[in-house]
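Here's the structure we're looking at; comments come further down.
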Protein chains: 2
Amino acid sequence: MEQTYQQPLVMVDTALFTILDERLCLLLARRREPPFEGVLALPGGFVHIEEDLDTTMAARRVIRGKLGIDAPYLEQLFTFSGPARDPRGWSISVAYYALIPADLLTQSQAVEAVPVETLPTLPFDHRQIVDQAIERLRGKATYSSLPAFLLPAEFTMNDLHRIYQQTIGTRLDQASFRHKILEQDIIEPIPDRFRGGAHRPAQLYRLTSRALTPFERKI
Amino acid sequence: MEQTYQQPLVMVDTALFTILDERLCLLLARRREPPFEGVLALPGGFVHIEEDLDTTMAARRVIRGKLGIDAPYLEQLFTFSGPARDPRGWSISVAYYALIPADLLTQSQAVEAVPVETLPTLPFDHRQIVDQAIERLRGKATYSSLPAFLLPAEFTMNDLHRIYQQTIGTRLDQASFRHKILEQDIIEPIPDRFRGGAHRPAQLYRLTSRALTPFERKI
DNA sequence: TGAATAGTGTCTTTAAGACACTATTCA
DNA sequence: TGAATAGTGTCTTAAAGACACTATTCA
């Protein structure tokens with residue numbers, strides 16, 4: 001019978017991104033169990049078939065366990081597998097990536113934020129997962145409202161401009177950026193809400209939709 | 001111990017595309033075992049951890065079992081999971097899609113080609129897998145050499161033009177298509193090889209690379 | 001010859017990007 | 001006032017797409 005084949009271990013791993021000090025960072029958790037006990041790694045865990053309705057729910061459970069909150073954006077990335085990626089045996093990891101606005105992070109959470117340029121050596125194949133997640137993030141940033149999910153609910157046009165530049169990794173002309181974002185209808189001004197400083201106050205905006213909006217053309 | 005959690009069933013399913021009579025078709029196999037014995041479904045099977053090095057190898061094994069050949073293009077699509085998608089229990093299916101040039105198909109193979117517009121009712125969540133595979137195929141067709149993998153090793157510019165139109169689903173100006181394809185350097189003319197008819201013979205081309213080439217801009 | 005497909009040159013439209021400018025606040 | 005950030009209008013460049021044309025074969 002087919003069903004009697006020995007089955008792989010099934011887990012989920014999550015690459016959690018945030019922007020801290022104008023830099024793209026990854027949230028890493030110190031492992032509390034072997035293998036690699038005490039080492040910084042992507043938050044993850046086994047799928048619990050009694051409680052998880054699918055692997056996305058398992059990823060949500062892992063994120064809630066580490067951060068105490070739900071990620072505003074969560075997407076399945078890729079499934080990694082093989083006999084050698086985990087010393088416990090032939091395993092499958094369904095990898096996810098998520099965007100966490102910095103204002104949702106608190107001291108109490110069991111994670112450390114590390115800039116993606118200075119990541120420590122990661123256990124398992126987590127480095128590969130992270131690289132692929134960054135590639136996906138950069139790719140989608142050019143063609144969608146994705147980077148906006150790294151911002152708090154209210155933000156200025158320049159906040160958005162900066163976050164797009166940080167995720168894409170290139171300079172974008174300020175004026176052209178404004179023209180194009182406004183054409184896309186992904187954000188709307190919040191009536192009578194401005195943010196000031198020693199300069200002209202900036203209009204505050206919010207997303208028009210809580211879902212990711214793909215663009216026809218690039219930003 | 002974490003390892004003692006009950007593990008899901010782990011399988012792979014493959015959406016195999018080909019072009020027959022100018023139409024995008026899916027290769028379906030009649031199931032030889034329960035559940036859904038005798039029903040047309042995506043070729044698939046359980047991951048065999050003793051012989052498969054990863055899920056991609058499992059997908060290759062499934063394709064070789066049905067077609068006796070390797071697909072020139074194979075890509076992981078998405079991982080589907082949950083307690084209800086398979087009556088045998090909580091399961092994970094790592095779905096793949098592949099492109100099969102029509103000249104590699106023979107009568108002896110254990111599959112039926114069905115145009116994607118007239119698919120029968122499919123078991124499990126195979127309909128969802130197919131829909132997502134078509135979406136991915138159309139998406140990548142605009143930005144890469146992907147559709148060329150549906151053609152035999154040698155083809156004319158007009159073969160390529162037609163296959164792009166069939167996979168993308170829209171008309172493309174013939175002259176502009178030629179300009180843009182030649183700029184991309186994905187194909188090269190085969191010296192002194194032409195295909196005739198009752199008309200001017202057409203230059204035969206081949207791919208410059210066996211790998212998928214992404215384009216900077218759309219075709 | 002003309003029917004059929006192959007292949008080229010060039011114009012128009014539209015998107016992407018650059019840039020010069022004006023606006024409003026506070027110190 | 002000027003430093004600082006906010007915001008607008010318009011020009012340039014380049015890509016996408018349309019179109020008119022020429023080329024070569026066979027019946």
Side-chain angles (χ1 to χ4, degrees), chain A residues 22 138-139 141-145 147 151 154-166 168-206 213-219, chain B residues 22 138-145 147-148 151 154-166 168-206 213-219:
Chain A
E22 306 270 296
R138 291 210 207 283
T142 323
Y143 288 102
S144 74
S145 58
L151 289 174
E154 301 191 351
F155 50 85
T156 66
M157 187 62 89
N158 278 312
D159 290 341
L160 192 64
H161 183 217
R162 271 196 300 274
I163 217 111
Y164 264 88
Q165 294 188 138
Q166 285 149 18
I168 297 175
T170 63
R171 199 203 144 265
L172 299 167
D173 180 80
Q174 190 218 23
S176 305
F177 178 82
R178 295 177 99 95
H179 294 315
K180 283 190 273 183
I181 281 289
L182 291 174
E183 270 169 29
Q184 299 293 344
D185 287 331
I186 59 162
I187 59 171
E188 57 189 8
I190 309 171
D192 304 319
R193 297 268 299 136
F194 292 87
R195 184 197 298 161
H199 49 74
R200 175 172 174 180
Q203 174 69 55
L204 283 169
Y205 291 87
R206 61 183 164 218
T213 309
F215 302 157
E216 279 298 307
R217 313 203 158 257
K218 63 175 161 173
I219 213 64
Chain B
E22 308 270 295
R138 291 209 207 283
K140 286 215 171 183
T142 324
Y143 288 100
S144 76
S145 59
L151 289 174
E154 303 190 349
F155 50 85
T156 66
M157 187 63 88
N158 277 312
D159 291 341
L160 193 63
H161 183 215
R162 270 196 300 274
I163 218 111
Y164 265 87
Q165 294 187 138
Q166 286 149 20
I168 297 175
T170 62
R171 199 201 146 266
L172 300 166
D173 180 81
Q174 190 217 22
S176 305
F177 178 82
R178 295 176 99 95
H179 295 313
K180 283 189 275 184
I181 281 289
L182 291 174
E183 269 168 29
Q184 300 293 342
D185 287 331
I186 59 162
I187 59 171
E188 58 189 8
I190 309 170
D192 304 320
R193 298 266 298 134
F194 293 87
R195 185 197 296 160
H199 50 75
R200 176 173 173 180
Q203 173 71 56
L204 282 169
Y205 291 88
R206 62 184 164 218
T213 310
F215 301 157
E216 279 298 307
R217 312 202 159 259
K218 63 175 163 173
I219 214 66

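Quantities reported herein were computed from a predicted structural model and do not represent experimental measurements. So that the names make sense, note that chain A is the first sequence line, chain B the second, and so on, each numbered from 1.
- Proximity of B:Pro189 to B:Tyr205: side-chain heavy atoms (C-beta onward) are separated by under 4.5 Å at one or more points.
- The distance from atom CG of A:Leu182 to atom C1' of D:dG9 is 14 Å, rounded to the nearest whole Å.
- Taking atom CD1 on B:Ile181 and atom P on D:dA15, their separation rounds to 16 Å, with Å as the unit.
- In this structure, A:His199 places its NE2 atom 11 Å from P of C:dA27, rounding to the nearest Å.
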Q: Can you run through DNA chain C from 5' to 3' and write each base as (, ), [, ], | or . depending on how it pairs? Watson-Crick or G-U wobble, both distances under 3.5 Å.
A: |||||||||||||||||||||||||||
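- Whole-Å rounding puts the A:Leu160 CG to D:dG7 C1' distance at 15 Å.
- C:dG7 atom P lies 7 Å from atom CE of B:Met157, rounded to whole Å.
- A:Thr156 places a side-chain N or O within 3.5 Å of a backbone atom of A:Asp159 that can act as its donor or acceptor partner.
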Q: Do nucleotides 11-22 of chain C as a string where each nucleotide becomes B, S or -: B if the base has a protein heavy atom under 4.0 Å, S if just the sugar-phosphate does, - if no protein is that close.
A: ----SSBBB---
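- In this structure, B:Gly197 reaches the sugar-phosphate backbone alone: every heavy-atom distance under 4.0 Å involves primed, P, OP1 or OP2 atoms, never a base.
- Counting heavy atoms from C-beta on, the side chains of B:Thr170 and B:Gln165 never come closer than 4.5 Å.
- For the side chain to side chain contact (heavy atoms under 4.5 Å, CB included) test with B:Pro147, the passing option among B:Leu160, B:Ile163, B:Ile168, B:Ile219 is B:Ile163; the others fail.
- Judged purely by atom type and a 3.5 angstrom limit, A:His161 has no side-chain atom pairing as donor or acceptor with the backbone of A:Ala175.
- Checked by atom type and distance alone, the side chain of B:Thr142 pairs as donor or acceptor with a backbone atom of B:Arg138 at under 3.5 Å.
- In this structure, A:Met157 and A:Ile187 have side chains that are in contact, with non-hydrogen atoms separated by less than 4.5 Å.
- Rounding to whole angstrom units, CZ of residue B:Arg178 and P of C:dT5 are separated by 13 Å.
- Residues satisfying the ring-ring contact (aromatic ring centres under 6.0 Å, His included) test with B:Tyr164, not counting sequence neighbours, are B:Phe177.
- For the pair B:Gln203 CD and C:dG7 P, the computed distance is 7 Å after rounding to whole Å.
- A donor-acceptor contact shorter than 3.5 Å links the side chain of B:Ser145 to the backbone of B:Thr213.
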